Every structure is written in structure tokens, then in C-alpha cells.
Amino acid sequence: MPALLEGKTALILGIANKWSLAYAIADAFRREGARLVLTYQGARQKETVEELGRELDAALVRPCDVSLDEELERLAAELRSARIRLDAVVHSIAFAQREDLTRPFTETSRQGFLLAQDISVYSLVAVARMAAPLMTEGGSITTLSYLGANRVIPNYNVMGVAKAALEAAVRYLASDLGPRGIRVNAISAGPVKTASARAVKDFSTILDFVAQRAPLRRNTDPAEVGDTAVFLASDLGRGVTANVIYVDAGFQAMGL
Ligand code: NAD
């Protein structure tokens, strides 16, 4: 079978380490022949992500803190001057204060609420606005969501509200960018033990519950998220936009 992403260039934001869902996606993209541009959040992640970039044969590894407009603008300018056309963008970024993932939702502060919305939702809008002019032949933008967007998951709290807004943003962006041939979708992944997930109080209880109840009776393998992201970025996904695709061993279907 020919490689599904041969000749395509993908910008992937959100690798912190080998356990990041963005890493599994980058690994699958590389397997399918994509040229990779990776970003990292700040100086603390630089060395690790540059090392992973070498491993993944990335064309470019650049800093990009999505809370800073100037870093997004600088990234766009660098891609423009390197004459890089983007075919795919993966936004795999979220953040909330740890206390907002451990105490009752009612206790969420205004500042904590706005921070979660800024980093986990508005950043998708900002990234799409930065990347769209570079996607001159159309393409695919994919973000990562979670079931907490539409069901109550204990302690997911402020991030559940952010994911609900993220999924709505996917639909509005898909409507705006569709006429330019740019598709926008979310993958709603089942729980996976990553650095971000560990911030949610009692996260291992969620993992155990899903493994017992999901139709496939197991948790999600990050590689499954990577393969679905490949589908969305490839020509196989050409008819899919404004969608949320669950890659969660079927857990979202269960009532009890
Ligand atoms: P992760 O901690 O590996 O990745 C989160 C990334 O967000 C990190 O790379 C971090 O640097 C980045 N980030 C946070 N603030 C940033 C900022 N200001 N600028 C730039 N980058 C910033 O964890 P993950 O689980 O791989 O999370 C990736 C995405 O997947 C998130 O949107 C998360 O909500 C989503 N998701 C995770 C799970 C899960 O169970 N792990 C399930 C469904 C969805």
C-alpha cells in the first residue's frame, strides 16, 4: 500500500514527551511519509522535543507557546520564509490549573476558567488563523477532545467545559475554512496516561472503569489515535469535516 501522507507536510503542536498523544500522531504521520514540523511550549521542553524531532526525522522543530501571539506570528513567518506549504495541522494542546481538576467544579475561579479556555480552546482558533494562509492547497486541521465535553467525568470539571467549547469551535472553523478546502475535525480519545492526564485527580480510576466497561474491554492505545489522525489528514478523509470522531474502544456509547 502506498504511504498515505507522501508529499504532505504536517505541523504538529503539543509534543511534550514520548507519552504525548501528539508524539503518537507524529510517529504515525512519519510512517506514512509526511514531512514534519514540530513545536514545543518553551525552553523547558526544547531539548526533549528536539531529540524526538531527530528521531522522527522532522524537517523543523520550533518553539511556540500558544498563549503568546508573537510566538504564533514568528512561527508563521518562519514557515513562510522557508516556503513551507502546510497540508495538515495537529493541535494537541490543553491546560488547566491542577486545583481546578481536583476540587468541586463550583469552586472554579474566573481566572482558572479563562486560562483553560485560552490555552485549550482559543489556541485552536489562533493556530487555524495562522496556518490557513499556508494551506494553499487545502488540507486538514485536527484537534484532540475528550468525552468530558458532553458527559460529566469526575474531576475533569473546567476541562470538560473547555472541550465542549473546543468541539463547537471545530464546527465554526470548519464552516469558515471549508470553502478553502480546509477540513477541521476533533478526535475524542479515550483516557491515556500522559503528563496532562495525570493532573486529573483519580485518573487511574477512570482508566480502570473504562477498561472494564468499554465494548472492547480495554483502554485506548495512543497508536490508534495516531492512525485516525492519519486518516483525517490523508485523502481518505476528504469528505470528513466539522466532526468529532471517537477513538475510545467504544466507551462513549455506554449508559452504564
Ligand atoms: P501532554 O501533556 O503530553 O500534551 C499536552 C501538551 O499541551 C503539552 O505538549 C504541553 O506542552 C502543551 N501545552 C500546554 N500549554 C501550552 C501552551 N501555552 N503553548 C503550547 N503548548 C502548550 O498530554 P496529552 O494527553 O497528550 O494531551 C494532548 C491533547 O489530548 C490535549 O488536548 C488533551 O486534552 C487531549 N486528550 C487527552 C486524553 C488523555 O487521556 N491523555 C484524552 C482525550 C484528549
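Computed from a predicted model, the values in this text were never measured in an experiment.
Looking only at distances, a side-chain donor or acceptor of Lys163 sits under 3.5 Å from a matching main-chain atom of Leu144. Looking at Ser20, its side chain never comes within 3.5 Å of a backbone N or O of Tyr23 through a donor-acceptor pair. Of the possible polar contacts, none joining the Asn155 side chain to the Val200 backbone as a donor-acceptor pair under 3.5 Å is found. In this structure, the side chain of Arg151 does not engage the main chain of Gly148 through any donor-acceptor pair within 3.5 Å. Counting only distance, with no hydrogens or angles, the side chain of Asn185 and the backbone of Val240 share a donor-acceptor pair below 3.5 Å. Judged by distance alone, the side chain of Gln45 and the main-chain N or O of Gln41 form a donor-acceptor pair under 3.5 Å. Between the side chain of Ser188 and the backbone N or O of Val244 there is no donor-acceptor pair closer than 3.5 Å. Under a 3.5 Å cut-off, the side chain of Arg180 and the backbone N or O of Gly139 do not form any donor-acceptor pair. When atom types are taken as modelled, the side chain of Asp65 and the backbone of Ser67 share a donor-acceptor pair closer than 3.5 angstrom. Put simply, the side chain of Glu224 gets close to the backbone of Asp221: a donor and an acceptor are under 3.5 Å apart.
Within the 4.5 Å cutoff, the side chain of Phe251 has no heavy atoms near those of the Thr220 side chain. Between Glu55 and Lys18, the closest side-chain pair of non-hydrogen atoms falls below 4.5 Å. Between Ile25 and Val225, some side-chain heavy-atom pair lies under the 4.5 Å cut-off. At least one side-chain heavy atom of Val89 sits under 4.5 Å from a side-chain heavy atom of Val127. Two residues are said to be in side-chain contact when any heavy atoms from C-beta on lie closer than 4.5 Å; Leu13 and Tyr40 fail this criterion. Side chains of Asp176 and Ile182 form no contact here, defined as non-hydrogen atoms less than 4.5 Å apart. Residues Glu71 and Val66 are not in side-chain contact: their nearest non-hydrogen atoms beyond the backbone lie 4.5 Å or more apart. The side-chain heavy atoms of Gln212 and Arg217, taken from C-beta on, include no pair separated by under 4.5 Å.
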Practice item. Please step through salt bridge (charged side-chain N to carboxylate O under 4.0 Å, His left out) for the pair Arg103 and Asp100, ending with a clear verdict. Key: CA-CA 6 Å; Arg103 62 186 176 189; Asp100 288 328; 2.9 Å; yes

Review point. Given the rule in the side-chain hydrogen bond (donor to acceptor under 3.5 Å, both in side chains) test, do Arg183 and Thr241 qualify, once you have shown the distances and angles that lead to the verdict?
Key: CA-CA 5 Å; Arg183 298 177 289 105; Thr241 193; over 6 Å; no

Point to revise | Derivation of the side-chain hydrogen bond (donor to acceptor under 3.5 Å, both in side chains) call for His91 and Ser123 | key: CA-CA 9 Å; His91 169 277; Ser123 66; 2.7 Å; yes

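No chain of hydrophobic side-chain contacts below 4.5 Å, direct or via other Ile, Leu, Val, Met, Phe, Trp or Tyr residues, connects Ile206 to Trp19.
In summary, Arg238 and Asp235 do not engage in a salt bridge, as defined by a charged side-chain N under 4.0 Å from a carboxylate O.
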